[in-house]
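Down below is the structure, laid out as C-alpha cells.
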Amino acid sequence: MLILVKTINNKNMRSFILFILMGSYFLFSNNSYSGEVNNYPAGEQLNDSRIKVVSSPDVSELTSVLVSKYNQIKTGRKLSASTGTADFADGTIYFFTSSSPIAGETRMSEKIVVGHEIIVPVINERNPMLEKLYEQGLKDKDFSLLLSASPEWSKLKPGAGNVPLHVYIYETPSLVSKLADFCGMDESKIAAGRVASAEELLATVRRDIYAVGFFKLSDVLNAGKNEFTEQICIVPIDKNQNGKLDAFENIYSSPDELIRGVWIGKYPRKLSSKIYAASASAGYDEASVDFLDWVITDGQEILISLGYNNLLTREKTSGMQTLRPVSPTDGAAPVPYGPNIWVMVLGTAAFIILIVVFTRARLKRKHGISSEDIEVTPALNVESILAPAGLFYDKTHTWAFMEQDGMVKVGIDDFLQHVTGPLSQVKMKEPGEKVRKGEKILTIIQQGKQLDIYSPVTGQIKTQNQTLINNPSQINSDPYLSGWVYQIEPSNWLRETKFMFMADKFNEWLEDEFVRLKDFLAASANSNAVVYNHIVLQDGGELTNNVLAGLEPEVWEDFQTKFIDVSR
C-alpha cells in the first residue's frame, strides 16, 4: 500500500483517497446490515378512512382543496377535512399557520412546514421614487401612512415634491388582517382603495406609476419561473429601522432569495406566515406520511394556485426527514447486525470524511459562502443573550441606565461580549472628559486584538469602573452589574433615549444583528483563508460562542469598520 501511494503524484492523491473512501463505505455498509428498518411507529397502522384533517379557519380552504385533490389522485383514499379547534386526537392531522394558537402547542413537536404566505408592497418599475425606496426601504411607520387617509409621497419620503400617491389592496381576509396587525390598526381604519382581485390590482399598478399595491407574493410571480412578473418591483423593507437598506436587508433580487430571507428572519414576521401540518401522536402512521409527503412535493402546485408560496428545497428535505426518521423508533422491529459491526462503523466514518472533504473542496472551488451556511453549535443565539428590563440599549451594542441621583451608568451589552470572548485589557477615558453620543468612549482588547466602542449618550464622565483595569473579564462575566464601565452626567438624556431600545424591542433588533453577523462572517470567509479554516460550514447551523476570539487582527479590523462603525 505504501509503495502504491508513493507512486501516485500529488495531483491525483486526493481523487485516489476519495475513491478508496467511497468504495470502503459502500462495501462495508452492504456487508454490515441485514434485515429492514421499519421507519414508522410501532402499533396499529391507521386506515386512511380514519384519518381526519382539521384546519384552523385561516387555512380551511387550502386544507379542503388539498384533501379533495389527494382523494381524487389516490384511488380509494378517503381522508376527511374539517375546520375547528385542535382536540389532539390520534389519527388526526392539523393544518394551521404560525399565528395560530396551535403553533405554540408543545405536543406539536413534529410539525412540518408545508408552505408560506407572504405579503409584499409593490410599485410600478417606472415609479419616480423607485431609486430612493431602494436606498432607504420602508419603515414600519411608513405602512401606517400608506394605509391611512390621503397619503402623500412627500410625507412618506421627504423631498419627493408634489407627487400623487395612490394605495390599493384587494379583498382577501388574510391580507387585510396581516396588514392591520403589522400596523397596529383596526381593519376598518384601512383607507386604501379596494379592488376585487389580484389580477385587477396588478393591472392598476402597471397602469398607474404612482400607485402602491399590497399583494401576496404568489400574485406577482411569473408562473413556472423564478422571477417577478413584468413591470413591477417589490418595495424593500428597512427591517432594522435605521433609515437605509443595508446589504443584509437586500433580499429582493429573486423570489427564492426573498423566500429564503423570510425563512431566516430578514423579513417582518407579521407580514409572513408559515403553513404547518402536524400530528398530535408521537410520530406519523404510514397513511399520514403518504399524504403529507404528497403535500410537500406534488401538492405544492395547489398551494401556489391558492396564493401561497412553495417550499425551499431544504424545507422539503427537513419535512421528509421528520416524516421518515432515519433510525427506528421505540417498539419498531430491531435491526439485526452481523458480527462485523466494527466494519459498519468504519464505513460510516469513511462516508462522513468523504462528505466533509467533498463539501470543503466544492466551497473552496466556488469560493462562495452564504450567511445561511455558517455553522455552528447552538451556543449563541437571541435566546442566549441577557437583556435585563429597565435598561436602554443602543445600536452600538452599549447600554445605559439612569440612577436615582441622575447619573447614567453605561456599559457593553451581552451580545458583544459573547462575540469577542474573554477580554484581556480595556482602555478607558478619564473622569472629567466630555463625550458625545457616537464618539469613541472605550477600547476593548482581547489578546492584542481590539475594538473601539462608542458612547450611547452625551455628557461628562464622572466615574470610571477602575476594577476593570485589573479585571477586564468582569465585562464578560457580569456586563450589566459589576462590568459597568462609566458613570456619566448626561446632557441630552430624554432626546437620546428616543433612539434606543427597551428590552423587548432590543431582542427583536438582535435577530437582525445575528443575521448581520452571519453575513459578515460569510464575507470574511470568502476572502480570508484563516477565517474559512476557523469556521465550520454546515447548512442551517447557529453561531458558536466567542466566534471572533480565534480570528486574526485583520478580521477584527474588518469587524470594526463593517459591523460596529456602521451602527453609529
Side-chain angles (χ1 to χ4, degrees), residues 240 242 244-250 363-364 367-376 379-380 385 393-399 410-429 433 435-456 468-469 472-476 479 483 485-486 509-510 512-537 542-568:
N240 63 6
N242 67 347
K244 62 180 180 180
L245 194 70
D246 297 312
F248 81 94
E249 295 172 307
N250 191 5
L363 287 169
K364 286 181 178 180
H367 205 60
I369 301 167
S370 68
S371 61
E372 296 86 24
D373 294 326
I374 302 283
E375 171 191 4
V376 185
L380 183 57
I385 302 301
Y393 299 90
D394 190 65
K395 292 181 178 179
T396 55
H397 288 287
T398 55
W399 58 266
V410 301
I412 296 170
D413 72 13
D414 195 41
F415 170 89
L416 191 58
Q417 73 83 12
H418 270 295
V419 172
T420 61
L423 301 178
S424 57
Q425 186 181 352
V426 294
K427 293 181 181 179
M428 295 187 285
K429 289 183 174 290
E433 292 190 57
V435 294
R436 295 184 62 84
K437 178 178 173 61
E439 288 183 350
K440 185 174 85 169
I441 197 174
L442 174 73
T443 299
I444 57 175
I445 302 171
Q446 198 254 5
Q447 303 300 326
K449 299 164 290 190
Q450 64 182 45
L451 293 174
D452 292 331
I453 308 302
Y454 302 106
S455 178
L468 299 181
I469 296 175
S473 62
Q474 279 188 304
I475 291 176
N476 302 101
V485 181
Y486 300 107
W509 175 73
L510 274 182
D512 293 326
E513 290 299 272
F514 275 101
V515 173
R516 274 214 310 142
L517 181 57
K518 281 191 175 185
D519 286 343
F520 167 79
L521 291 172
S524 295
N526 285 333
S527 60
N528 189 321
V530 174
V531 182
Y532 180 90
N533 291 326
H534 176 71
I535 62 175
V536 180
L537 302 178
E542 292 184 303
L543 290 165
T544 188
N545 202 21
N546 305 336
V547 67
L548 289 185
L551 297 178
E552 298 299 312
E554 292 80 6
V555 180
W556 283 58
E557 292 172 6
D558 283 345
F559 186 78
Q560 177 77 59
T561 57
K562 297 176 182 178
F563 193 92
I564 299 292
D565 290 358
V566 297
S567 297
R568 279 195 290 176

When rounded to the nearest 0.5 angstrom, what is the spacing between CD1 in I412 and CG in L423? 6.5 Å
What residues form a side chain to side chain contact (heavy atoms under 4.5 Å, CB included) with D512, not counting sequence neighbours? K239, N240, F248
Quick one: salt bridge (charged side-chain N to carboxylate O under 4.0 Å, His left out) partners of E557, sequence neighbours excluded? none
Nearest heavy-atom pair of F520 and V555: which atoms, and what distance? CZ-O, 3.7 Å
The criterion is salt bridge (charged side-chain N to carboxylate O under 4.0 Å, His left out); which residues satisfy it with E513, sequence neighbours excluded? R516
Quick check: closest heavy atoms across K449 and L548, and the distance to 0.1 Å? NZ-O, 4.2 Å
Work out which heavy atom in I475 is nearest to a heavy atom in Q417; give both atom names and the distance. O-CG, 3.9 Å
H397 versus F415, closest heavy-atom pair with distance: CE1-CD2, 3.1 Å
Would you mind reporting whether V515 and E249 have side-chain heavy atoms less than 4.5 Å apart? no
Determine the minimum heavy-atom distance between V410 and P456, stating which atoms define it. CG1-CG, 3.9 Å
Does the side chain of F563 come within less than 4.5 Å of L521's, by heavy atoms? no
Return the CD to CG distance between Q446 and L551, rounded to the nearest 0.5 Å. 9.5 Å
Find the distance between CG (D394) and CH2 (W509) and round it off to the nearest 0.5 Å. 7.5 Å
Of all the heavy-atom pairs spanning N546 and G421, show the shortest one and how long it is. OD1-CA, 3.2 Å
With sequence neighbours excluded, what pairs up with W556 under the ring-ring contact (aromatic ring centres under 6.0 Å, His included) test? none
Should we count NZ of K562 as having more than 12 external heavy atoms under 6.0 Å? no
Between OG of S424 and CD of Q447, what distance do you get to the nearest 0.5 Å? 4.5 Å
Among all residues two or more places apart in sequence or in another chain, which pass the side chain to side chain contact (heavy atoms under 4.5 Å, CB included) test with K427? Q425, T443, I445, Q450
If you round to the nearest 0.5 Å, how far is CG of D413 from CG of L510? 7.0 Å
So, using ring-ring contact (aromatic ring centres under 6.0 Å, His included) as the criterion, who are the partners of Y454 when residues are at least two apart? none
So, taking the atom named CG in L451 and the one named CG in L416, what distance separates them when rounded to the nearest 0.5 Å? 6.5 Å
Run through L442, T396, V485 and flag the one making a side chain to side chain contact (heavy atoms under 4.5 Å, CB included) with I453. L442
